[in-house]
Participant: 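Before we start, here is the structure in question, set down as structure tokens.
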Amino acid sequence: MGAIHATIDAMHPNLRRLQIIRVIVAALQLCALGYAHWSLRLDLDYGLILAILAVLALCNGVLWLRLRRAVSPSQREFLSHLWIDIFGLGVVLYFTGGASNPFVSYLLVPVTIAAATLPWLWAAATGAVALACHTLLLFWYRPLPALMPIEGME
């Protein structure tokens, strides 16, 4: 019984770490989007992708408010945040080349976090969700448009 309470009490710092990871990932995604727009000149639906990233940022803001409360989060709550990350990334990847996008490997990060912090059944379920997302992205996605030549580099 004591091990279960220790695991539940560990969820608060684990969620705090997940929040920090989300901020870093969001910054990197914005940098990649800026690079795709200004340097590669890819014809993407930037407004829609930014809206998806804004929803994910809103989820992170809600998490920040949640972590201010003294009530310890549950493992289910932690699991739900990992799945939000998987689905959010999956939607962004859908609009940016699907499984051919090199950032598809980031789907492994929530799986790794789940394996390190959650019971094996939930970690396995997280792996299955990420695998299903990756598999769907192999068949259903918007292909990346052709690269436009950069002036002076033709």
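Since we're looking at a predicted model, the values are computed, not measured. We number each residue from 1, following the sequence as shown.
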Participant: Kindly indicate, with the supporting measurements, whether the criterion side-chain contact (heavy atoms from CB on, under 4.5 Å) is fulfilled by L89 and Q29.
Facilitator: CA-CA 10 Å; L89 179 64; Q29 286 175 326; 3.8 Å; yes
Participant: What is the minimum heavy-atom distance between V104 and A99, and which atoms define it?
Facilitator: CG1-O, 3.6 Å
Participant: Determine, step by step, whether L33 and Y46 satisfy the side-chain contact (heavy atoms from CB on, under 4.5 Å) criterion, reporting the C-alpha distance in whole Å, the side-chain angles of both residues, the deciding distance to 0.1 Å, and the verdict.
Facilitator: CA-CA 8 Å; L33 208 54; Y46 291 99; 3.8 Å; yes
Participant: Does a side-chain heavy-atom distance below 4.5 Å link W83 with T126?
Facilitator: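 SC-SC contact between W83 and T126 confirmed.
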Participant: Quick check: is L108 connected to L93 through a chain of hydrophobic side chains (ILVMFWY, heavy atoms under 4.5 Å apart)?
Facilitator: no
Participant: Measure the CD1-CG distance between I113 and D85 for me, rounded to the nearest 0.5 Å.
Facilitator: 7.5 Å
Participant: Does F103 have more than 12 heavy atoms from other residues, nucleotides or ligands lying within 6.0 Å of its CZ?
Facilitator: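 Not more than 12 within 6.0 Å, no.
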Participant: Determine, using the 4.5 Å side-chain heavy-atom cutoff (strictly less than), whether L144 and Y35 are members of one ILVMFWY cluster.
Facilitator: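 Yes, L144 connects to Y35 through the hydrophobic network.
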Participant: Do L18 and V23 belong to the same hydrophobic cluster, where Ile, Leu, Val, Met, Phe, Trp and Tyr are linked whenever their side-chain heavy atoms lie under 4.5 Å apart, directly or via other members?
Facilitator: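 Cluster IDs for L18 and V23 differ.
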Participant: Rounded to the nearest 0.5 Å, how far apart are CG of L131 and NE2 of H134?
Facilitator: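 L131 CG to H134 NE2: 8.5 Å, rounded to 0.5 Å.
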Participant: Could you check whether any side-chain heavy atom of P13 comes within less than 4.5 Å of a side-chain heavy atom of R17, counting everything from C-beta outward?
Facilitator: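 Yes, side chains in contact.
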Participant: Show the nearest heavy-atom pair for residues W140 and Y94, with the distance to one decimal.
Facilitator: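 Looking at all heavy atoms of both residues, the closest pair is O-CD1, 3.4 Å.
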Participant: Please find the pair of heavy atoms, one from Y106 and one from V25, that lie closest to each other, and give the distance.
Facilitator: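 It is OH-CG2, 3.2 Å.
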Participant: What are the two closest heavy atoms between G127 and V111, and how far apart are they?
Facilitator: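 For G127 and V111, the tightest heavy-atom pair comes out as CA-CG2, 3.8 Å.
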Participant: Does a side-chain heavy-atom distance below 4.5 Å link W122 with P119?
Facilitator: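 The answer is yes, as the side chains (C-beta and beyond) meet within the 4.5 Å cut-off.
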Participant: Do T96 and N101 pair up side chain to side chain, a donor and an acceptor below 3.5 Å, judged on atom types alone?
Facilitator: yes
Participant: Can you give me the closest heavy-atom contact between C133 and G90, atom names plus distance?
Facilitator: SG-CA, 3.6 Å
Participant: Does a donor on one side chain sit under 3.5 Å from an acceptor on the other, for Q19 and R16?
Facilitator: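 Q19 vs R16: donor-acceptor pair found between side chains.
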Participant: If we ignore hydrogens and angles and just use 3.5 Å, is the side chain of H12 paired with the main-chain N or O of L67 as donor and acceptor?
Facilitator: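 Answer holds: yes.
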Participant: Counting only heavy atoms not in D45 (residues, nucleotides, ligands), do more than 12 fall under 6.0 Å from its CG?
Facilitator: yes
Participant: Under the salt bridge (charged side-chain N to carboxylate O under 4.0 Å, His left out) rule, collect the residues that match up with R66, sequence neighbours excluded.
Facilitator: E77
Participant: Does one hydrophobic cluster hold both V55 and V91, with members joined at side-chain heavy-atom distances below 4.5 Å?
Facilitator: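 In one cluster with V55: V91, no.
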Participant: Do I52 and F95 come close enough that some side-chain heavy atom pair is under 4.5 Å?
Facilitator: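 They are in contact (side-chain heavy atoms under 4.5 Å apart), so the answer is yes.
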Participant: Answer yes if L40 and L50 sit in the same cluster of Ile, Leu, Val, Met, Phe, Trp and Tyr residues linked by side chain heavy atoms under 4.5 Å apart, and no otherwise.
Facilitator: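 Both belong to a single hydrophobic cluster.
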Participant: Roughly how far, to the nearest 0.5 Å, is the CG atom of L79 from the CE atom of M11?
Facilitator: 10.0 Å
Participant: List the steps and the verdict of side-chain contact (heavy atoms from CB on, under 4.5 Å) for I49 and H37.
Facilitator: CA-CA 12 Å; I49 296 168; H37 179 71; over 6 Å; no
Participant: Return the minimal non-hydrogen interatomic distance between H81 and R22, and the atom names on each side.
Facilitator: O-NH2, 3.0 Å
Participant: Could you tell me if the side chain of L82 sits less than 4.5 Å from the side chain of V129, heavy atoms only?
Facilitator: no
Participant: Using modelled atom types only, decide if a donor and an acceptor are shared between the side chain of S39 and the backbone of A36 within a distance under 3.5 Å.
Facilitator: no
